[in-house]
Amino acid sequence: MSGPISELHAAIVAAVATMTGGEVPELALERPANAEHGDYATSVAMRLAPLLSRKPREIADELALALAVIPGVESVEVAGPGFLNLRLGDQWYRDALSDMLAAGDEFGRQPFAPGVETLVEFVSSNPTGDLTIGSARNAAYGDSVARLLEFTGEKVTREYYINDAGNQVGLFGQSVQARRLGREIPEGGYPGDEVALIAAELDLADDAPLEDWVAKGVALMVERIRASLASMRVEFDLWTSEKGLHETGAVVAAIERARVQGRIFEQDGATWLRTTDFGDDKDRVLLKADGEHTYFASDLAYIDLKFQRGATHAIYVLGADHHGYIQRLKAGAQCLGYDPEHVETLIYQLITVSGERMGKRRGNVITLAELTEAIGVDAARYFLVQRSHDQTLDIDLDLAVEASSKNPVYYVQYAHARCASIERKAADEGLAIDGIGSGHVPEGPEKALIRRLAEWPEVVASAAELRAPHRIVSWTHELAADFHAFHHDLYVLHEDAEIRAFRLSAVHATREAIARALALIGVGAPDRM
RNA sequence: GCGCCCGUAGCUCAGGGGAUAGAGCGAGAGACUUCUAAUCUCGAGGCCGCAGGUUCGAAUCCUGCCGGGCGCACCA
């Protein structure tokens, strides 16, 4: 990570190391809530006190002298129990802005780490119906995490696992056929309108065998799913078929691999995987007494395939109703001889619409397509990752549809459009600038904006590390607020060329920053609104 | 019973050990002759579920309890 703040951080670490002779406690640079406490503050002196057996104020006084000579630091004061409050000089702000502009879209980005191949498997909804709003959360969250990981230096592959084997797709095939022939839909079948659409579209004779109805019906359903995901800017690199795992012998091979590892046993006529060896609360059946493979058998083969294909890290994005799989998946990987640390499950909590949980059997399903149609792709993606994935999410559809003009996504997009508008006007009036100038003394709103912009590398790094795209949303909203305040207080296209150059530079940096941040959550940044 | 997530303003939620806990929505009062008012400014509104513990310092970490959501298949 690099950037104006990490440079400041590094300089403080160096000063502390000089003082202690090498040892440096975890050192955080904070932005004090109270402006009287400076631009940045650190509590390092308090953390150092027990290590050095000295009083924190004493340490702080000594460190203050060392920090005062760091380039860009205007003043240092010791406050409270031993806080070191730093105030940054005008030159720091000019340098920070200039560095950010020079970095452009690389600002905060990290180069690809060699040898890292991250696989993110997400959505993977059964191809028996249109994607629901729950899958929409999965898609928005999973794709945003993938984008974050790419931005912070991982090579990412996005994969969708198609559950096209077993009873459910069999029932789906029967439902398609029943629709076509105008018959009753089988017990537990799929009554959705999309099934009828597929039935009408299928090029099949009425008496075609069931497996054809299944295969062709699933193919069309998968295409519908792919299209709906693409419409919300989610694209997969790989679509892996469960049926294919059976056909290629991958399932049998995975079981054999586990057998070689000594994790297979027979009991009650079934073949079991001893996942309890690795912390699962019960062993799992792979081959049932009736000779059929379980769903978990394909899961096991799929884990095997992921690592055999060269993934170094396999991420699963699952809804809270699947959290019981975590231990099973990790134990399964371990039974195959893989490191469970390389299997990561990301659980997002369930989504409700206007307070009600969705369910196919509840008959109140809202589809992904309906959501994006109702509030637009930008608002949908913004809404879906606005809150922590650990938090159940309620979408108030009435509000989202009816009051979309006060939707927070517009607040952020409007800041971007304002920047673009100012830049357009500058170009039209021949006020284009080259560089940030040298003489302008930044004012309060300008400083606040630049401090915010400078946080980006740390924000994006922690969002990626925590798999928390909602942090991007929070930060972007704060950035937009800082910009709107700046815009309100200060006139950008000022007659003074120095002032104009500086402010136009800040506007340009802001526009780039908003676009960059929104791109990581798949939201567009319009130039006009 | 066991496991995962949550409990912060009227509502929906941010706050990965720091100083006086924040935002949006809602309710209140103001600001457009200037780069888009989809904006800005100001005020109101809080036993951060409860009780212990760790720490110089806890909304944040640990333990217990209470409340809510979701799971615990030879289903997929």
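Values below: all heavy atoms of this structure, side chains included; hydrogens, waters and symmetry mates excluded. Quick caveat: nothing in here was measured; it's all calculated off a predicted structure. Chain letters run A, B, ... following the sequence lines, proteins first, then strands; residues in each count from 1.
Heavy atoms of Ala426(A) sit nowhere under 4.0 angstrom from any nucleic acid atom. At the heavy-atom level, Ala320(A) lies under 4.0 Å from the strands shown only through sugar-phosphate atoms. Looking at heavy-atom distances under 4.0 Å, Asp268(A) makes contact with a base. Among the protein residues, Ala417(A) comes within range of the nucleic acid bases, having at least one heavy atom under 4.0 Å from a base atom. Residue-level contact check: Arg57(A) touches neither bases nor backbone, having no heavy atom under 4.0 Å from any strand. Contacts of His484(A) with the nucleic acid, taken as non-hydrogen atoms under 4.0 Å apart, involve only primed sugar atoms and P, OP1 or OP2. No engagement by Glu429(A) is indicated, since no non-hydrogen atom pair under 4.0 Å with the nucleic acid exists. Within the nucleic acid shown, Ser388(A) comes within 4.0 Å of sugar-phosphate atoms alone, with no base atom in reach, counting heavy atoms only. Residue-level contact check: Tyr411(A) touches the backbone only, with heavy atoms under 4.0 Å from sugar-phosphate atoms and none from bases. Leu350(A) comes within 4.0 angstrom of the backbone, heavy atoms only, and of no base. Among the atoms of the strands shown, base atoms are found under 4.0 Å from some heavy atom of Ser43(A). Nucleic acid contact for Ser421(A): base, since at least one base atom lies under 4.0 Å from a heavy atom of the residue. Residue contacts for Gly80(A): at a heavy-atom cut-off of 4.0 Å it reaches no nucleic acid atom on any strand shown. Residue Arg471(A) is classed as a base contact, given a heavy-atom separation below 4.0 Å to a base.
Side-chain atoms of Asn34(A) and base atoms of rU20(B) include a donor and an acceptor less than 3.5 Å apart. Within 3.5 Å, a donor on the side chain of Arg387(A) pairs with an acceptor on the base of rU12(B), or the reverse. Residue Asn85(A) places a side-chain atom within donor-acceptor reach of the base of rA19(B), judged by atom type and a 3.5 Å distance cut-off alone.
Between Leu393(A) atom CG and rG24(B) atom P the separation is 19 Å, expressed in whole Å. With rounding to whole Å, Glu478(A) atom CD is found 13 Å from rA14(B) atom P. Taking atom CG of residue Leu273(A) and atom P of nucleotide rC74(B), one finds them 13 Å apart after rounding to whole Å. For the pair Glu292(A) CD and rC74(B) P, the interatomic distance rounds to 15 Å; values are reported in whole Å. Rounded to whole Å, atom P of rC35(B) lies 8 Å from atom NE2 of His487(A). Counting to the nearest Å, the C1' atom of rC13(B) and the OH atom of Tyr348(A) are 20 Å from each other. With rounding to whole Å, Gln349(A) atom CD is found 13 Å from rG69(B) atom P. The distance from atom CD of Gln327(A) to atom C1' of rG71(B) is 14 Å, rounded to the nearest whole Å.
Side-chain polar atoms of His470(A) and Gln391(A) form no donor-acceptor pair below 3.5 angstrom. Gln168(A) and Tyr190(A) are linked by a side-chain donor-acceptor pair at a separation below 3.5 angstrom, with hydrogens and angles left out of the test.
From Arg467(A), atom CZ reaches atom CD1 of Ile347(A) across 13.5 Å, with rounding to the nearest 0.5 Å. Residue Met46(A) holds its CE atom at 11.0 Å from CD1 of Ile59(A), rounded to the nearest 0.5 Å.
Remark: the separation of the C1' atoms in rG26(B) and rG17(B) is 34 Å, to the nearest Å.
Within the shown strands, rC50(B) is the pairing partner of rG64(B) under the Watson-Crick or G-U definition, both distances less than 3.5 Å. Nucleotide rA58(B): unpaired (no Watson-Crick or G-U wobble partner with both distances less than 3.5 Å). Pairing partner, rU33(B): none, since no Watson-Crick or wobble contact has both distances short of 3.5 Å.
For Phe502(A) and His494(A), the ring centers sit 6.0 Å or farther from each other.
By the 4.5 Å heavy-atom criterion applied to side chains, Leu84(A) and Val78(A) are counted as neighbours.
Stacking annotation: Tyr491(A) is stacked on the base of rC35(B) (ring centroids less than 5.5 angstrom apart, interplanar angle below 30 degrees).
In this structure rC32(B) sits in the syn conformation; its chi angle is within 90° of 0.
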